[in-house]
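Scope of the values below: all heavy atoms of this structure, side chains included, with no hydrogens, waters or symmetry mates.
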Amino acid sequence: LRLHPSPSPSSSTPQTSQVTFLLSFTTPQRAALLPSSSTLALLYTPTNEHFGIVPVEAMACGLPVLACNSGGPTESVLSSPPSPPSQRTGWLAQPDPQLWSELLEEIVELDDEERDELGARAKTRARDMFGMEAMAEKMQDALQDAVEMGPVQSPFMDVVLAFVLSVAAYLLFKFFV
């Protein structure tokens with residue numbers, strides 16, 4: 001969601017669009033749009049998205065996110081409710097046009113201080129939850145947990161092992177006895 005200055009009402013130039021919606025954008029466009037001061041929020045409309053890196057990228061740029069309250073954004077975006085307003089990094093909502101229009105009004109009406117605080121929380125959450133260091137620590141923890149579980153015990157593996165040993169015994173018997 002980007003706001004553009006509009007001509008004054010007395011101007012003879014027809015009113016131009018104040019809002020730009022992009023369905024998809026290229027990497028260079030993303031690099032220009034996400035950190036732009038005229039970009040007020042990221043609207044993320046996929047439902048049941050498995051993870052959704054786009055909201056995290058927007059949050060890393062200090063942008064609040066409005067996303068469907070399903071799938072990956074429910075992990076990355078803190079919405080109020082259920083989170084306290086002081087922790088909010090964006091909005092999660094059912095994909096309802098009326099509700100989204102109300103939330104868009106709320107986003108546009110944020111004062112500079114609210115917008116800056118929300119952006120700072122979004123940046124912090126993106127870094128703390130999904131930054132390289134955080135992901136490396138999570139991967140290390142998961143690998144350590146796997147090692148601590150010990151060898152995989154599975155009835156299927158016992159069958160495979162029995163089959164391999166049987167074939168080996170058959171071949172040894174056939175060729176060496």
* Structure fact -> Between the CD atom in Glu106 and the CH2 atom in Trp91, the distance rounded to the nearest 0.5 Å is 5.5 Å
Report, one line per pair, each donor and acceptor closer than 3.5 Å where one atom sits in a side chain of residues 132-145; sequence neighbours left out.
{"residue": "Lys138", "atom": "NZ", "partner": "Met129", "partner atom": "O", "Å": "2.8"}
{"residue": "Gln144", "atom": "NE2", "partner": "Glu148", "partner atom": "OE2", "Å": "3.2"}

* Structure fact -> Minimal heavy-atom distance between Pro95 and Trp100, with the atoms involved, is CA-NE1, 3.8 Å
List the atom pairs, with distances to 0.1 Å, where a side-chain N or O of residues 52-79 and a protein N or O form a donor-acceptor pair under 3.5 Å, not counting sequence neighbours.
{"residue": "Asn69", "atom": "OD1", "partner": "Gln94", "partner atom": "NE2", "Å": "3.2"}
{"residue": "Ser70", "atom": "OG", "partner": "Asn48", "partner atom": "N", "Å": "2.8"}
{"residue": "Thr74", "atom": "OG1", "partner": "Gly71", "partner atom": "O", "Å": "2.6"}
{"residue": "Ser79", "atom": "OG", "partner": "Leu92", "partner atom": "N", "Å": "3.0"}

* Structure fact -> CG (Leu40) and CG (Leu110) are apart, to the nearest 0.5 Å, by 8.5 Å
* If you look only at pairs with a residue in residues 112-123, which of them pass as a salt bridge (charged side-chain N to carboxylate O under 4.0 Å, His left out), with sequence neighbours excluded? -> none
* Output the distance between atom CD (Glu102) and atom CD1 (Ile107), rounded to the nearest 0.5 Å. => 12.0 Å
* Distance (rounded to the nearest 0.5 Å) between Leu34 CG and Phe25 CZ -> 5.0 Å
